[in-house]
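Heads up: the structure comes next, in C-alpha cells.
Each chain gets a letter, A, B and so on, in the order its sequence line appears, and its residues count up from 1.
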Protein chains: 2
Amino acid sequence: MELQEAKDKFVHTWGTLATQWGINRTMSQIHALLLLSEKALNADQIMEQLTISRGNVNMNLRELMSWGLINKQLLQGERKEYFTAEKDIWKVARLIAKRRQRREIEPVIEVMDEIKAAIKPDSVENKEFLKVINDISKVGGFADTAMTAIIKADENWLASNLLKVFK
Amino acid sequence: MELQEAKDKFVHTWGTLATQWGINRTMSQIHALLLLSEKALNADQIMEQLTISRGNVNMNLRELMSWGLINKQLLQGERKEYFTAEKDIWKVARLIAKRRQRREIEPVIEVMDEIKAAIKPDSVENKEFLKVINDISKVGGFADTAMTAIIKADENWLASNLLKVFK
DNA sequence: CTGAATTTTCAAAATATTCTGAAACATTTT
DNA sequence: AAAATGTTTCAGAATATTTTGAAAATTCAG
C-alpha cells in the first residue's frame with residue numbers, strides 16, 4: 001500500500017469509526033487530516049482534500065477547537081487562518097473522554113438526583129422505584145469517578161497500576 | 001411529584017439520554033419501562049404505554065434481547081409473549097459496556113493493525129505516519145484492556161480496589 | 001476610511017435514521 | 001383444516017441530522 005493511499009484510508013476510516021461514537025463524520029475526518037499533516041492547513045486546503053463545502057469546514061473546525069483537539073495558528077505574512085491538531089494521542093484521548101463524560105455520564109447522575117429528591121420512600125411502590133433510581137445513580141457515580149481518575153492520571157502510571165489491579 | 005409522574009419522567013428521560021450514547025431512543029424507553037415494571041409486559045401493553053407502533057415495538061424488543069437486556073417469557077395459559085428486563089443494574093451496565101467495547105474500541109484496533117501491516121517503516125514519512133497509527137493503537141489497546149477487566153471483574157471488588165488505585 | 005480577502009451564518013437541500021401500518025407469515029385452538 | 005390469535009417484515013412516510021452555498025459580517029492592508 002502506498003503512503004498516500006494509507007493516509008486516505010486512515011482519514012476515511014476515522015470518519016466512519018467516529019459515527020460509531022456519536023461524533024460527526026466530517027469533524028473526525030478533518031481531525032484525522034490534521035493529525036497526519038505536519039504543516040498547518042487552512043480552510044481551503046481542507047475543503048479541497050475532503051471535497052466538502054466551506055460552511056461545513058468552518059463549522060467543524062470550530063467544533064474541534066471547542067473540544068480542544070485543534071488550534072488556530074496565524075502564519076507570518078498570511079491573512080488566512082491555519083489549523084494544527086494536538087499530536088499527543090493520550091492527550092487527545094483524555095480530551096475526548098472528558099467530553100463524553102460530560103455528555104453521557106453527568107446528565108444521568110443529575111436526572112437521578114432530581115428524581116430521588118422528588119420521591120419520598122413512603123410506600124412499597126415508591127421504595128421499589130427508588131431502588132432502581134438509586135442503583136442507576138450508583139453505577140453512574142462509579143463510572144464518573146473512574147472516568148475522572150483516568151482522565152486526571154498520568155497515562156504511564158495509570159496503565160501499569162491499573163493493569164496490576166486487574167490481574 | 002407523583003410516582004406515576006416520576007416513572008413517566010424516568011422513561012422519557014432515559015430515552016433522551018440514550019440518544020446521547022448512540023442508542024435508539026425507543027429502545028431505551030422500552031427498556032426503562034420494563035425496568036420499572038415488576039410484571040412482565042407484552043407488545044400490546046408497550047405499544048399503548050409508549051404510543052408507538054407494533055413494528056417499532058417488535059424491532060426494538062428484538063434488539064434489546066440481542067443486547068441481553070431483556071428476556072422473553074411465556075406465561076402460563078397465555079398465547080402472547082411477555083418480556084422482563086434484567087434488574088441487576090451492574091449487570092446491565094456490564095452488558096452495555098461490552099457492547100460498546102465491541103462497537104467502538106475493537107474496530108479501531110483492527111483498522112490500525114491493518115494499516116500497520118501494510119506500511120513499511122522505510123522512509124521518514126512512513127515512520128511519521130506509523131507513529132500516529134501506533135499511538136492510536138496503544139490508546140485503543142489500553143482502553144480495550146481496561147474495559148475488558150472492568151466488565152469481567154466483580155463490581156464490589158472492583159469499585160473498592162479501583163478507587164484505592166485512584167486515590 | 002475603502003474595498004478586497006477571509007470568515008461566519010443560516011435557510012434550504014441532501015442524506016440518514018427511525019417509525020408506521022398493513023400484509024405476510026407463524027402458531028395455536030376449535 | 002380453517003379460524004383465531006399473535007409475530008415479523010418491509011416499503012414508504014415522518015423525523016432528524018448533516019451539508020451546501022450564497023449572502024452577511026468581519027478583518028485588515030493600503
Would you sort out whether B:Asn56 and B:Ser53 count as a side-chain hydrogen bond (donor to acceptor under 3.5 Å, both in side chains), showing the intermediate values?
-> CA-CA 5 Å; B:Asn56 200 3; B:Ser53 73; 4.9 Å; no

So does B:Arg100 pair up with B:Glu104, basic N to acidic O under 4.0 Å?
-> yes

Answer yes or no: does a side-chain N or O of A:Thr26 lie under 4.0 Å from OP1 or OP2 of D:dT18?
-> no

Residues two or more places apart in sequence or in another chain: which of them pass salt bridge (charged side-chain N to carboxylate O under 4.0 Å, His left out) with A:Asp8?
-> none

Residues in residues 41-73 of chain B with a heavy atom under 4.0 Å of DNA chain D, by number, are B:Arg54, B:Gly55, B:Asn58, B:Arg62

Please enumerate all protein N or O atoms sitting under 3.5 Å from an N or O of nucleotides 25-30 of chain D, with distances to 0.1 Å.
unit_1, atom_1, unit_2, atom_2, d
D:dT27, O2, A:Arg79, NH2, 2.9

Do A:Leu34 and A:Leu69 come close enough that some side-chain heavy atom pair is under 4.5 Å?
-> no

Just how far, in rounded Å, is C1' of D:dT18 from CD1 of A:Ile30?
-> 13 Å

Is it true that B:Glu125 and A:Lys7 have a side-chain N and a carboxylate O under 4.0 angstrom from each other?
-> no

Whole-Å distance separating the CZ atom of A:Arg25 from the C1' atom of C:dA16 = 10 Å

B:Met27 atom CE is separated from C:dT18 atom P, nearest whole Å, by 11 Å

Locate the shortest heavy-atom distance separating A:Thr26 from A:Ile52; write the atom from each residue and the value.
-> CG2-CD1, 3.4 Å

Between C1' of D:dT17 and CD1 of A:Ile23, the distance in whole Å | 16 Å

What one should report as the nearest heavy-atom pair of B:Arg54 and B:Ala43 is NH1-CB, 4.4 Å

Nearest-Å distance, CD (A:Glu81) to C1' (C:dT6)?
-> 8 Å

Quick one: closest heavy-atom pair of B:Val139 and A:Ala93, and the distance?
-> CG1-CB, 3.7 Å

